[in-house]
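Only one structure is covered here, and it is reproduced in the block below.
No experiment lies behind these values; they were computed from the predicted model shown.
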Number of protein chains: 2
Amino acid sequence: MGADTQKAIFEAAKSLIETKGFSAMTLRQLAAEVGLQPGSIYRYFESKDALLQALMNQHMLSLLESWNKVEGKGEDEDEDEDPVSRLRAFVAFHIRYHIERRADVIIANLELRALGDDYRADVVTKRSHYEANLRAILAEGVKAGVFPQVDLEVAAYAIIAMLTGVCFWYRSDGRLSIDEIIEVHQKLVLQGVVG
Amino acid sequence: MGADTQKAIFEAAKSLIETKGFSAMTLRQLAAEVGLQPGSIYRYFESKDALLQALMNQHMLSLLESWNKVEGKGEDEDEDEDPVSRLRAFVAFHIRYHIERRADVIIANLELRALGDDYRADVVTKRSHYEANLRAILAEGVKAGVFPQVDLEVAAYAIIAMLTGVCFWYRSDGRLSIDEIIEVHQKLVLQGVVG
DNA sequence: CTATTAATCAAACGAACGTTCGTTTAATTA
DNA sequence: TAATTAAACGAACGTTCGTTTGATTAATAG
């Protein structure tokens with residue numbers, strides 16, 4: 001029975017933190033949302049901070065694992081697709097994942113400073129590992145002569161910021177579908193506005 | 001004499017909110033930073049919320065005014081520069097402004113949800129006015145045939161997210177100068193990674 | 001059916017919160 | 001110099017925070 005309750009706490013916490021922020025969310029609000037007394041939350045988390053740490057770590061691991069599944073799926077075959085295809089795949093994956101897990105992403109991006117130093121360093125490291133995947137694709141493209149010379153670090157930051165930005169304005173009842181949004185971004189990343 | 005104190009409160013608040021977030025910042029911390037007693041802050045702001053509102057409004061007005069100065073400087077002459085030049089100018093302005101006013105920008109982007117509904121709506125409107133400047137440049141480029149067809153709304157969101165992202169990783173003692181960072185972004189915005 | 005463990009409640013804890021207020025000090029004006 | 005205003009103090013207000021604790025109910029096992 002406890003597993004369901006923990007999941008309920010996680011989900012309610014995500015929603016509350018997404019809309020109000022971690023510091024502004026109180027354990028009384030969280031408990032009320034789940035249908036518990038405030039003290040009962042401590043059966044599942046040893047502190048409010050530990051709850052945020054769990055959410056963050058969960059998200060970062062899931063993000064890394066999800067991308068690895070997308071890229072490494074072929075194992076033997078299609079291991080070495082061309083850089084353009086891989087970059088297009090990264091754009092599609094990143095946007096789709098960030099829209100589907102909006103709350104996790106917003107928490108991971110906005111609540112880093114609410115984390116203790118040690119845990120923040122860990123999250124930053126994991127994020128850097130994720131970004132390294134994009135840098136590797138860009139580096140390969142530059143090496144193959146498909147992409148002109150560009151600063152890999154800045155380009156990776158820029159592209160990720162651009163893609164992550166989607167989940168701050170996307171609405172499921174909006175004008176464009178996710179696929180259409182992905183297409184626009186693939187074009188922008190690859191060719192810019194002048195094409 | 002009071003004007004200096006108010007400025008000191010503003011500056012200390014910006015710094016504290018930038019690093020800890022608005023909800024996590026206490027008036028006792030803020031007062032200590034300025035060298036005041038907590039209650040004394042209420043000579044200058046009628047509430048903690050009003051302080052955030054003032055900071056946000058200040059920033060949005062300054063941002064809009066600063067861009068207007070950059071674009072409208074020629075008055076009669078160079079009013080109609082080509083879209084590429086105007087877009088390059090926008091990229092340079094946005095990055096430079098966001099690096100120079102890091103604290104204001106981070107607050108405006110991360111603390112929207114700490115604002116009351118009315119004030120948030122006002123800030124969102126002002127931000128939309130700023131974004132309209134970029135959309136207008138893009139629209140002009142498309143109309144002139146310099147830029148291929150593109151969704152103006154999505155493209156503007158994407159470009160602004162990319163540029164604003166700089167102030168989350170930029171360090172003044174970093175590898176690249178601001179001018180170099182601007183150059184990389186101008187190239188990415190205009191031509192993407194394939195060029 | 002009973003004993004044991006797990007899950008939750010209800011109540012309270014001390015600390016810290018934003019805010020108020022009467023008083024005191026410093027500066028300005030007359 | 002005396003009267004007035006501005007600025008800051010210092011202490012307290014009621015409230016709410018995260019957290020702890022001991023009793024109570026629900027589920028499981030022997």
**Message:** Tell me the interatomic distance from B:Lys48, atom NZ, to D:dT16, atom P, rounded to whole angstroms.
**Reply:** 15 Å
**Asked** Given atom CZ of B:Arg28 and atom C1' of D:dC17, what is their separation to the nearest angstrom?
**Response** 13 Å
**Request:** Using a strict 4.0 Å threshold on nitrogen-to-oxygen distance, state whether B:Glu71 and B:Arg86 make a salt bridge.
**Result:** yes
**Message:** Please tell me whether A:Arg101 and A:Ser62 have a donor and an acceptor in their side chains that are separated by less than 3.5 angstrom.
**Reply:** yes
**Item:** Between C1' of C:dC17 and CD1 of B:Ile41, the distance in whole Å
**Value:** 13 Å
**Asked** Taking the nucleotide of DNA chain D with the closest heavy atom to each, which residue, A:Ala24 or A:Gly39, is nearer the 5' end?
**Response** A:Ala24
**Message:** I'd like to know if B:Met56 and B:Val105 are part of one continuous hydrophobic network [Ile/Leu/Val/Met/Phe/Trp/Tyr, side-chain heavy atoms within less than 4.5 Å].
**Reply:** no
**Fill in**
Atom CD of A:Gln6 and atom P of C:dA6 are separated, to the nearest Å, by 15 Å
**Message:** Using OP1 and OP2 only, check whether a side-chain N or O of A:Gln37 sits under 4.0 Å from C:dA10.
**Reply:** yes
**Asked** Picking from C:dA7, C:dG18, D:dT19, which would you name as closest to the side chain of A:Ser47?
**Response** D:dT19
**Asked** Taking OP1 and OP2 of D:dA7, is either one under 4.0 Å from a side-chain nitrogen or oxygen of B:Ser40?
**Response** no
**Asked** Quick one: do A:Val91 and A:Phe168 end up in the same hydrophobic cluster if we chain Ile, Leu, Val, Met, Phe, Trp and Tyr together by side-chain heavy atoms under 4.5 Å apart?
**Response** no
**Message:** Using whole Å, what does the distance between atom P of nucleotide C:dT25 and atom CZ of B:Arg43 come to?
**Reply:** 16 Å
**Request:** Please report, rounded to the nearest Å, how far the P atom of D:dA26 is from the CG atom of A:Asp4.
**Result:** 18 Å
**Prompt:** Of all the choices, C:dT19, D:dT19, D:dA8, which nucleotide is nearest to the side chain of B:Leu27 once you look at every atom?
**Reply:** C:dT19
**Message:** Applying a 4.0 Å non-hydrogen cut-off, can you work out what B:Thr26 is touching in the nucleic acid: base, sugar-phosphate, or nothing?
**Reply:** sugar-phosphate
**Asked** Given atom CG of A:Leu30 and atom P of C:dT8, what is their separation to the nearest angstrom?
**Response** 13 Å
**Validation row, ring centre A:Trp67 to ring centre A:Tyr130 under 6.0 Å** = no
**Asked** Which nucleotide in the set C:dC17, D:dA8, C:dA12 lies at the smallest distance from any side-chain heavy atom of B:Thr5?
**Response** D:dA8
**Item:** d(CZ, A:Phe22; C1', D:dG18) in whole Å
**Value:** 10 Å
**Asked** Of all the choices, C:dT20, C:dT8, D:dT19, which nucleotide is nearest to the side chain of B:Tyr42 once you look at every atom?
**Response** C:dT20
